[in-house]
Amino acid sequence: MFKKKQQFYIKLLSFVLLLGIIPVLLVGIFSFLISSDSIQSKVEKEKEYNVYQTQLTMEQVLKQVDQSLTNFAMSPLANQLLEIPMEPKQFPLYRRLKKELNYLQRFDSGVVDIAYINKEQMWLLRNRGLKRLANHDKGIIENYSELANKSAWLLQESEDTFIDEYANNCKRYLTMVKKLPLSSVNNKGFIAAVIPVCDLQDRMLMEENNGSTIVLNENNQMIFNSENQKNHSLENHPVIDAIKQNNQIQNQFHFDYNNEKYTVTYRVSNYNGWTYINLIRLNDLKESSYAIGWFTLIICLVIVSGLIIVAIIGSGKLYKPIQQIIHIMKLPNDNSESRDEIGEITKQIHTILDKNQTLEDRVQSQKDQLHHFFMNKLILGNVTESEINEKLPIQNKNVQWFTVMLIKIDSLEGTRFTDNDNDIILFSINTIMNELISEERRLTPIVLEDKQVTILMGAENNQAYKQYMDSLTKKLQNTILEVLKISVSIGISNRYTHLAETNDALQKSEAALRQTIVLGKGQVIWFDSLESQHSFKTFYPKQIEHDLFDAIKNYNQLRVEQKLTELLDNIFNKQLTYTQYEISILRFINNLLEFTEMLAIEIDMIDDKQTLINYLHRFRIREDIENWFKQIMIYPIMHHIKNRSEQQYHSLSEQVIHMIHEEYDQELTLESVADRLHYNASYLSNLFRRETNMSFSEYLAQYRIEMAKEWLENTKMPVKDIANKLRYNNSQNFIRSFRKNVGMTPGNYRKKMKLE
């Protein structure tokens with residue numbers, strides 16, 4: 001047996017080792033083989049993105065400066081000053097010009113100086129002040145005059161610009177030059193913005209030890225090189241010729257130079273013809289691959305070593321139970337040593353399987369569970385009449401009616417239980433039902449989701465049935481309160497005669513139980529007593545809602561809580577049916593959502609896994625509803641309003657929205673708002689539309705209509721006065737605009753709101 005044991009142990013150990021080591025080795029080899037190509041591919045993709053990001057960052061600066069200078073060059077002031085000599089009486093105009101130039105430098109573009117040059121009158125205005133043109137300045141102006149286009153970017157040394165040598169440490173500058181006036185062939189002056197190349201280079205996307213980034217202008221002059229600190233000038237590098245021969249606006253290719261291979265990534269700008277290049281050595285990439293390969297090898301060795309140790313220990317432990325099983329299964333008179341452990345175990349298992357009495361006992365023990373399963377199917381309506389007659393024979397043949405009784409926990413607040421104890425509580429209630437109601441008067445009680453369900457039966461007439469149920473429900477509520485210290489509500493369906501109707505009765509008892517939202521805790525509700533109302537007219541306290549919304553906007557938490565309680569009191573005190581209560585609550589939710597939309601606030605009410613109606617059905621008592629409105633909707637809205645106030649409207653769009661909300665009844669235009677915020681009107685309009693999905697005028701008109709609806713609902717102000725207050729030219733224009741947005745005239749809207 002010992003030898004056989006050793007043979008089986010070795011087989012088991014070998015199998016475990018092979019099962020663990022072979023995948024580890026395959027994974028390690030595969031990782032090493034693909035690491036180089038994978039890293040190179042990822043880095044090449046990264047370089048494409050880096051070059052694209054560099055181009056975007058650079059062109060954003062260039063376009064911003066270009067657009068700012070163009071807007072200024074088209075202004076009347078820029079053209080007016082071309083005809084004015086440098087005289088003391090013109091100093092107000094010069095100060096105005098100086099102010100406009102300062103505005104241009106506010107853009108986050110890196111511009112260190114802007115010069116306005118009057119070529120004919122021979123004067124220049126820049127940051128350091130107004131002066132007449134010197135001989136050195138005339139040489140720079142002649143270079144500007146020789147430009148072929150009205151606008152151009154120049155790469156200049158510090159001595160070729162108007163900037164002071166001590167003003168910046170950079171030696172090279174990018175200068176945007178525009179000839180004035182733009183609309184005339186005759187050149188009378190210039191506007192020039194100067195950007196230090198070194199400052200611009202710091203803003204670009206650079207990564208150490210990750211290749212070189214080079215930017216060339218349309219004349220193949222090098223704007224900057226990320227490896228300037230290493231004195232690697234690539235202006236005459238053969239890679240430039242290779243890019244020209246490629247004849248594509250963007251590409252990535254490999255390039256051999258000085259016995260080394262490089263990956264070249266470049267893009268040619270459609271905006272100004274500049275070329276953006278990234279250059280990285282392939283050897284740098286392979287070093288990373290080798291490092292990963294060594295790391296993978298070490299990890300594989302560590303894993304294999306661990307596998308060997310685990311396999312030795314684990315195989316021994318796996319074999320030990322086999323030896324113990326053989327020893328236990330040995331017959332008392334059987335002294336032979338079997339050399340086949342597995343065969344011996346198989347033989348003994350067949351002997352055990354032949355004795356099926358144990359299995360029959362186990363099946364019998366599952367009878368109660370199967371019965372509960374069948375009751376679940378019965379209540380859910382998943383059984384047929386024949387299955388009911390076969391599997392659920394009624395012992396009392398005098399049964400004439402059945403009814404479904406549902407028990408629901410009202411609230412666990414103030415008790416020793418938490419929501420996690422729901423299942424335990426319901427099973428405890430189920431046990432109480434088994435003890436208090438005899439088997440002749442009920443079928444097996446079960447727990448269904450968050451309710452306890454019992455099917456009662458009997459033969460009494462209507463009056464005796466009512467008396468029995470009243471006595472039973474009081475006894476149940478008192479017993480549960482005494483034992484568990486919790487309050488429960490009970491819903492009772494109508495009586496029915498066939499068990500196949502149980503699911504329909506269940507739904508009716510659930511409908512009765514939902515009335516606890518309106519009626520409160522500890523109720524016993526009969527489905528037969530529910531009022532059959534088909535009218536959807538409901539009472540809704542609009543003025544209280546209006547006061548509540550005002551308190552939310554003013555971040556008055558105490559008044560918010562008071563008004564919310566008052567609003568819900570008004571709804572519940574009207575003794576509405578559950579359907580009418582649902583309509584009122586949904587109307588309040590809808591108005592809250594419209595209110596948040598008007599304030600440009602987004603909140604997350606519920607998850608996407610269930611509908612809002614299903615979510616509302618989870619509420620047990622009125623306090624649950626009030627807490628839900630506070631925590632899920634109202635407090636988050638107030639939090640947004642507070643944050644918006646504390647941040648002092650950092651966002652431009654929020655500043656514009658704040659102006660609209662504060663000054664909607666004044667003459668308010670996009671141009672006036674842009675002037676107050678010191679931004680270009682076109683830029684502000686595009687930004688506002690991108691962040692709010694509507695134009696400035698659309699948002700202003702929509703907000704004014706919302707204010708008009710509020711005045712029509714809560715005041716007696718004439719339509720004409722509302723039109724004047726909202727800055728409409730006449731009341732007819734207001735009526736047309738209101739009908740377009742609301743679908744009815746202001747007068748009809750006011751009548752409709754009064755009826756509601």
Side-chain angles (χ1 to χ4, degrees), residues 366-409 425-481 483 488-516 522-530:
Q366 301 298 321
K367 181 178 178 180
D368 291 340
Q369 296 183 16
L370 293 174
H371 187 66
H372 279 82
F373 176 71
F374 180 79
M375 289 299 300
N376 271 283
K377 291 180 62 178
L378 172 65
I379 290 173
L380 296 176
N382 296 328
V383 295
T384 63
E385 188 76 34
S386 59
E387 288 179 309
I388 294 174
N389 296 331
E390 177 185 352
K391 299 181 180 179
L392 195 65
I394 303 300
Q395 296 179 359
N396 187 356
K397 302 300 182 180
N398 295 324
V399 172
Q400 297 180 8
W401 54 261
F402 301 93
T403 188
V404 174
M405 182 170 65
L406 283 185
I407 299 179
K408 182 185 72 170
I409 302 169
I425 297 172
L426 289 172
F427 279 109
S428 299
I429 294 174
N430 207 59
T431 303
I432 292 174
M433 299 295 290
N434 276 313
E435 294 176 354
L436 292 183
I437 306 174
S438 64
E439 294 185 1
E440 291 78 14
R441 300 304 303 254
R442 59 159 174 84
L443 297 180
T444 303
I446 65 168
V447 173
L448 185 66
E449 296 180 349
D450 59 341
K451 304 176 188 69
Q452 194 280 329
V453 186
T454 305
I455 301 175
L456 301 174
M457 54 189 177
E460 296 90 345
N461 58 24
N462 187 56
Q463 184 176 359
Y465 163 73
K466 289 285 187 180
Q467 293 175 353
Y468 169 72
M469 294 300 296
D470 285 340
S471 173
L472 177 62
T473 53
K474 289 179 182 178
K475 185 176 182 181
L476 286 173
Q477 286 183 321
N478 292 335
T479 303
I480 293 172
L481 183 61
V483 174
V488 297
S489 292
I490 301 176
I492 303 173
S493 73
N494 59 336
R495 291 189 293 176
Y496 58 99
T497 56
H498 299 287
L499 283 174
E501 304 172 18
T502 300
N503 182 252
D504 182 62
L506 173 69
Q507 296 179 20
K508 291 178 180 179
S509 59
E510 286 180 334
L513 203 54
R514 282 198 290 269
Q515 297 297 317
T516 55
Q523 300 294 324
V524 177
I525 307 168
W526 302 70
F527 178 79
D528 293 338
S529 67
L530 298 182

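Throughout, numbering of the chain's residues begins at 1 and tracks the sequence.
- Between Gln452 and Asn430, the shortest heavy-atom distance links the atoms NE2-OD1, 2.8 Å.
- Between Met405 and Met469 the shortest side-chain heavy-atom distance falls below 4.5 Å.
- The distance from atom CD1 of Ile437 to atom CG of Leu472, rounded to the nearest 0.5 Å, is 4.5 Å.
- Note: Phe373 CZ to Leu378 CG = 12.0 Å, rounded to the nearest 0.5 Å.
- Here Asn382 pairs with Lys377, Leu380 under the side-chain contact (heavy atoms from CB on, under 4.5 Å) rule; sequence neighbours left out.
- Here the shortest heavy-atom pairing between Gln477 and Gly522 reads NE2-O, 3.5 Å.
- When side chains are defined from C-beta on, Val524 does not count as touching Lys474, because their heavy atoms never get closer than 4.5 Å.
- Taking both residues in full, the closest heavy atoms of Gly491 and Ser509 are given as O-CB, 3.8 Å, listed atom of the first, atom of the second, then distance.
- Every side-chain contact (heavy atoms from CB on, under 4.5 Å) that Thr431 has, sequence neighbours left out, goes to Glu435.
- Going from atom CE of Met433 over to atom CZ of Arg442 covers 8.0 Å, rounded to the nearest 0.5 Å.
- Within 6.0 Å of NZ in Lys475 there are 12 or fewer heavy atoms belonging to other residues, nucleotides or ligands.
- The two atoms that bring Tyr496 and Val404 nearest to each other are OH-CG2, 3.6 Å, heavy atoms only.
- The only option from Asp528, Thr502, Thr403 that meets the side chain to side chain donor-acceptor pair (under 3.5 Å) definition with Ser493 turns out to be Thr403.
- Side-chain contact between Asp470 and Trp526 is present, with at least one heavy-atom pair separated by less than 4.5 Å.
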| query | Given Arg441 and Glu460, is the salt bridge (Lys or Arg N to Asp or Glu O under 4.0 Å) satisfied, shown in steps? | reply | CA-CA 11 Å; Arg441 300 304 303 254; Glu460 296 90 345; 2.8 Å; yes
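- Here the CD1-CG distance, from Ile490 to Leu476, works out to 5.5 Å after rounding to the nearest 0.5 Å.
- Enclosure of atom OH in Tyr468 by more than 12 non-hydrogen atoms of other residues, nucleotides or ligands within 6.0 angstrom is indicated.
- Taking the charged nitrogens against the carboxylate oxygens, Asp504 and Lys508 do have a contact shorter than 4.0 Å, which makes a salt bridge.
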| request: Given side chain to side chain contact (heavy atoms under 4.5 Å, CB included), test Met375 with Ile455 step by step and report yes or no. | output: CA-CA 10 Å; Met375 289 299 300; Ile455 301 175; 3.8 Å; yes
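- One finds the CG atom of Asp450 at 7.0 Å from the CG atom of Leu426 (value rounded to the nearest 0.5 Å).
- Between Thr444 and Phe374, every side-chain heavy-atom pair lies at or beyond the 4.5 Å cut-off.
- Among residues two or more places apart in sequence or in another chain, the side chain to side chain donor-acceptor pair (under 3.5 Å) test is passed with Glu501 by none.
- The nearest pair of heavy atoms linking Glu439 to Met457 is O-CE, 3.8 Å.
- The distance from atom CD1 of Ile379 to atom OG1 of Thr454, rounded to the nearest 0.5 Å, is 8.0 Å.
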